[in-house]
Amino acid sequence: MATPDSRRRSASFSLAALATAAALAGCASVSEPAITPAQTAQAQAACTALQDMKIAASAIGKPSSGAVVQSASFVPANAADNPNGEYCAVKGVVLPVSASAPSLEFQVNLPTAWNRRALQMGGGGYDGTLVTGLGAYTAQPNGTPNALRQGYVTLGSDGGHKGTGNFDGNFALNEEALLNYGQQSVKKTHDVALEIIRQRYGAAPRRFYFIGGSQGGHEALDAAARYAADYDGAIANYPAYNITMLQLASLHVGKALYANGGAGWMNPAKKTLLVNAVYAACDGLDGAKDGIIGNVAACNVVFNIDKVKATLRCVGGADNGDFCLSDAQIAAVRQIASPYDAGFAVAGQQVFPRWPVLEGAVFSVSSFGASRVPSNPPAATDALLFSIGAAHAKYFATRNPSLDALRYEPARYRARLQQLGSITDVTTVSLEAFRARGGKLILTHGTADDFISPYNTEDYYRRQVAAFGQAGVDSFIRFYSVPGFGHGMGPYRLGYDGLAVLDNWVEKGQAPETIPSVDNNQNANRSRPMCRWPAWPMFTGAAGASMNDAANFSCRAS
């Protein structure tokens with residue numbers, strides 16, 4: 001738990017900073033150093049020279065057969081549809097050890113006006129798509145210059161394989177591809193990029209950062225915990241750091257909906273009935289009826305499973321229509337809103353925490369699906385948590401793509417799941433080396449996340465407090481819980497200048513307290529303070545004050 005002193009510091013922050021945050025969405029340009037024609041000519045020649053560059057396996061810190069640059073394209077500042085300034089786009093592959101394994105595709109973008117920093121960006125889901133590094137980093141405020149435009153070398157990869165979407169887990173049947181996805185693609189991409197950077201500029205970056213969300217958040221924690229010597233700072237937004245346990249728990253949600261012929265399944269109307277009841281009871285508990293539940297702890301008191309049963313239960317308990325929930329559906333809600341106990345530990349974790357189904361999750365992304373009976377193989381009409389849980393059971397655990405996931409019994413695969421935990425879960429991998437070298441870590445998670453429970457990141461943070469003590473954690477970790485933020489979207493779609501905050505902490509020792517943020521939802525035009533956990537933003541403005549202005553909110557610890 002954070003100390004009272006730290007909470008008081010968190011509650012007092014600059015109104016000027018809030019004004020800056022509110023203005024972020026309107027900023028669409030960046031002041032850049034002037035580049036002379038001679039510098040452009042030199043940069044173009046240096047870019048062309050990277051074509052067909054080969055990188056020895058000995059330069060890559062994880063097993064491979066080396067890497068090769070397949071293309072090096074110079075992009076002038078005035079090129080069509082180029083918002084990134086003048087740069088060189090380098091693409092290539094890290095070659096596998098085994099001929100049966102896929103290659104890892106990477107991209108490294110080299111700005112002519114380099115600021116001596118590099119930013120690696122993480123992927124999402126099961127990876128499988130090249131992260132080009134040309135766009136915004138996770139949760140960057142809309143309309144602000146991306147990292148490449150700011151002078152950062154940017155880079156990303158496909159995680160070590162190609163996928164077709166919809167949680168295509170086929171890659172996990174190959175052990176080398178699985179290792180890449182689970183932890184090694186981060187290191188391989190970093191090391192290849194470092195060689196390319198040295199070749200282009202004749203120097204290594206002064207600072208190397210990692211930012212990602214979901215699977216990319218997992219990769220950010222891999223960067224900090226497994227490869228501490230390589231990174232000065234990382235931001236892990238809503239991280240899927242414990243993939244094995246997360247997907248066991250995800251399938252547990254799917255079984256709550258689909259067991260007994262789908263008796264617990266809720267159609268969109270029933271889902272909306274439940275969500276609306278939660279918001280009706282809890283929206284104003286933070287002082288503002290604004291479509292965001294800020295005071296989650298109070299919501300737990302006024303609207304819980306007993307309240308669901310008392311106010312939403314169908315007469316007699318049978319399914320009587322869309323205006324009520326049957327006993328089976330209430331039982332499904334109870335299961336989703338309760339911790340999942342696997343019965344054995346995976347990477348030091350046996351119990352996965354509850355989902356916030358009664359705390360503001362709207363299930364717009366992780367919906368309950370369009371049918372009470374799931375498909376095999378899973379289809380887009382299935383509940384999203386079931387789909388990813390089923391894919392893990394089929395491809396990671398049993399390696400049986402035709403498996404009926406509803407019949408999957410994890411205890412039968414205990415040894416395999418524990419092996420997977422050592423590959424894909426970073427739950428108990430120590431951050432000591434990262435802390436010792438001065439690395440800085442920012443964690444964020446939305447209270448309305450319906451795909452990865454926010455309590456999962458709370459668990460991770462508590463583990464760090466247990467390991468380092470609160471003072472030790474405060475020296476290198478900041479954790480922010482964001483009301484209304486879901487899995488990359490939600491009623492309040494978080495936007496904050498994380499890269500600047502991280503760089504200022506690393507470079508200048510400016511440890512963040514409360515951070516200004518904006519709502520990245522289209523036309524939202526509102527801002528909020530990001531409060532250090534466990535504090536949350538309480539509306540404290542005078543009567544008639546705007547609920548869209550962060551200046552009218554204060555961070556409260558209870």
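Keep in mind that what you see is a predicted model, and the values were worked out from it rather than measured. Here, residue 1 is the first one in the sequence, and each next residue gets the next number. We use all heavy atoms of the structure for the numbers below, so side chains are in, but hydrogens, waters and symmetry mates are not.
- Annotation for Ala136 and Met121: closest pair O-SD, 4.3 Å, computed over non-hydrogen atoms.
- The two residues Thr112 and Ala43 come nearest to each other via the heavy atoms OG1-CB, 3.4 Å.
- Atoms CG and CG, on Leu441 and Leu221 in that order, are 6.0 Å from each other to the nearest 0.5 Å.
- Classification of Lys508 and Asp503 as a salt-bridged pair fails, no side-chain N sitting under 4.0 Å from a carboxylate O.
- Within the 4.5 Å cutoff, no side-chain heavy atoms of Arg435 are placed close to those of Val473.
- Within the 4.5 Å cutoff, the side chain of Met53 has heavy atoms near those of the Ile196 side chain.
- In this structure, the side chain of Gln107 does not engage the main chain of Gly133 through any donor-acceptor pair within 3.5 Å.
- Side-chain atoms of Asn146 never come within 3.5 Å of backbone atoms of Asn84 as a donor-acceptor pair (strictly under, hydrogens ignored).
- A side-chain donor-acceptor contact under 3.5 Å links Asn520 to the backbone of Gln140.
- Under the 6.0 Å cut-off for aromatic ring centres, Phe485 and Tyr238 qualify, their centroids lying closer than that.
- Within the 4.5 Å cutoff, the side chain of Ile388 has no heavy atoms near those of the Leu246 side chain.
- Paired with His190 under the rule ring pair (Phe, Tyr, Trp, His ring centres under 6.0 Å), one option of Phe106, Tyr209, Phe210, Phe208 passes, and it is Phe208.
- For the pair Lys91 and Glu105, the salt-bridge criterion is not met [side-chain N within less than 4.0 Å of a carboxylate O].
- Looking at Phe479 and Gln464, their side chains never come closer than 4.5 Å, going by heavy atoms from C-beta outward.
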*Tell me, with the steps shown, if Leu110 and Cys47 meet side-chain contact (heavy atoms from CB on, under 4.5 Å).*
CA-CA 8 Å; Leu110 307 159; Cys47 181; over 6 Å; no
What donor-acceptor contacts under 3.5 angstrom involve side-chain atoms of residues 64-72, with partners at least two apart or in another chain?
| unit_1 | atom_1 | unit_2 | atom_2 | d |
| --- | --- | --- | --- | --- |
| Ser64 | OG | Gly66 | N | 3.1 |
| Ser65 | OG | Pro96 | O | 2.6 |

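- Side chains of Pro63 and Gln184 form a contact here, defined as non-hydrogen atoms less than 4.5 Å apart.
- Phe171 and Tyr126 have perpendicular rings, their planes meeting at more than 60° on a 0 to 90° scale where under 30° would count as parallel.
- Exactly one residue among Arg117, Arg437, Lys440 makes a salt bridge (Lys or Arg N to Asp or Glu O under 4.0 Å) with Asp232. That residue is Arg437.
- For the residue pair Glu195 / Gln199, no side-chain donor-acceptor distance below 3.5 Å is found, with atom types taken as modelled.
- The structure places NZ of Lys162 at 8.0 Å from CG of Leu104, a figure rounded to the nearest 0.5 Å.
- Not one N or O on the side chain of Ser367 forms a donor-acceptor pair closer than 3.5 Å with the backbone of Phe363.
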*Stepwise, does the side-chain contact (heavy atoms from CB on, under 4.5 Å) test hold for Leu420 with Leu178?*
CA-CA 9 Å; Leu420 287 167; Leu178 177 60; 3.7 Å; yes
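- At distances below 3.5 Å, not a single donor-acceptor pair connects side-chain atoms of Arg462 with backbone N or O atoms of Thr457.
- Paired with Trp114 under the rule ring pair (Phe, Tyr, Trp, His ring centres under 6.0 Å), one option of Tyr87, Tyr201, Tyr152 passes, and it is Tyr201.
- Of all heavy-atom pairs between Pro239 and His445, the closest is CD-ND1, 4.1 Å.
- Ring geometry for Phe468 versus Phe476: interplanar angle over 60°, hence perpendicular rather than tilted (30 to 60°).
- No side-chain donor from either of Ser481 and Thr447 sits under 3.5 Å from a side-chain acceptor of the other.
- When atom types are taken as modelled, the side chain of Asp497 and the backbone of Pro141 share no donor-acceptor pair closer than 3.5 angstrom.
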_side-chain contact (heavy atoms from CB on, under 4.5 Å) between Ile442 and Trp505, intermediate numbers included_ = CA-CA 10 Å; Ile442 295 173; Trp505 194 5; 4.0 Å; yes
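- Note: Leu443 CG to Tyr460 OH = 7.0 Å, rounded to the nearest 0.5 Å.
- Heavy atoms only, all atoms of each residue included: Val362 and Asp450 are closest at C-OD2, 3.9 Å.
- A distance-only check finds a donor-acceptor pair linking the side chain of Asp519 to the backbone of Arg493 [under 3.5 Å].
- Under the salt bridge (Lys or Arg N to Asp or Glu O under 4.0 Å) criterion, no residue pair touches residues 33-55, with sequence neighbours excluded.
- Annotation: the span from Arg149 atom CZ to Leu134 atom CG amounts to 13.0 Å, rounded to 0.5 Å.
- With contacts defined as side-chain heavy-atom distances shorter than 4.5 Å, the pair Pro205/Ile197 qualifies.
- In this structure, Tyr408 and Tyr413 have tilted ring planes: the angle between them lies in the 30° to 60° band.
- Considering every non-hydrogen atom in both Ala234 and Ala220, the closest pair reads CB-O, 3.8 Å.
- Shown here for Leu251 and Ala393, the closest heavy-atom pair between the two residues is CD2-CB, 4.4 Å.
- To the nearest 0.5 Å, atoms CG (Asp382) and OG (Ser387) are separated by 4.5 Å.
- The distance from atom CD of Gln183 to atom NZ of Lys62, rounded to the nearest 0.5 Å, is 6.0 Å.
- A donor-acceptor distance shorter than 3.5 angstrom exists from the side chain of Asn174 to the backbone of Ser100, with no hydrogens or angles considered.
- Proximity of Ile243 to Tyr181: side-chain heavy atoms (C-beta onward) are separated by under 4.5 Å at one or more points.
- Of the residues Asp222, Asn456, Thr427, Asp425, the one that meets the side chain to side chain donor-acceptor pair (under 3.5 Å) test with Tyr241 is Asn456.
- Looking at heavy atoms from C-beta onward, Val90 lies in side-chain contact with Cys88 at the 4.5 angstrom threshold.
- Pairs engaging residues 168-189 under the salt bridge (Lys or Arg N to Asp or Glu O under 4.0 Å) rule: Glu175-Arg399, Glu175-Arg416, Lys187-Asp191, Lys187-Asp230 [sequence neighbours left out].
- At distances below 3.5 Å, at least one donor-acceptor pair connects side-chain atoms of Tyr492 with backbone N or O atoms of Arg528.
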*Given the rule in the side-chain contact (heavy atoms from CB on, under 4.5 Å) test, do Arg226 and Val186 qualify, once you have shown the distances and angles that lead to the verdict?*
CA-CA 10 Å; Arg226 298 187 191 274; Val186 171; over 6 Å; no
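- In the model, Glu86 has a side-chain atom that pairs as donor or acceptor with a side-chain atom of Thr40 under 3.5 Å.
- Judged by distance alone, the side chain of Ser250 and the main-chain N or O of Gly389 form no donor-acceptor pair under 3.5 Å.
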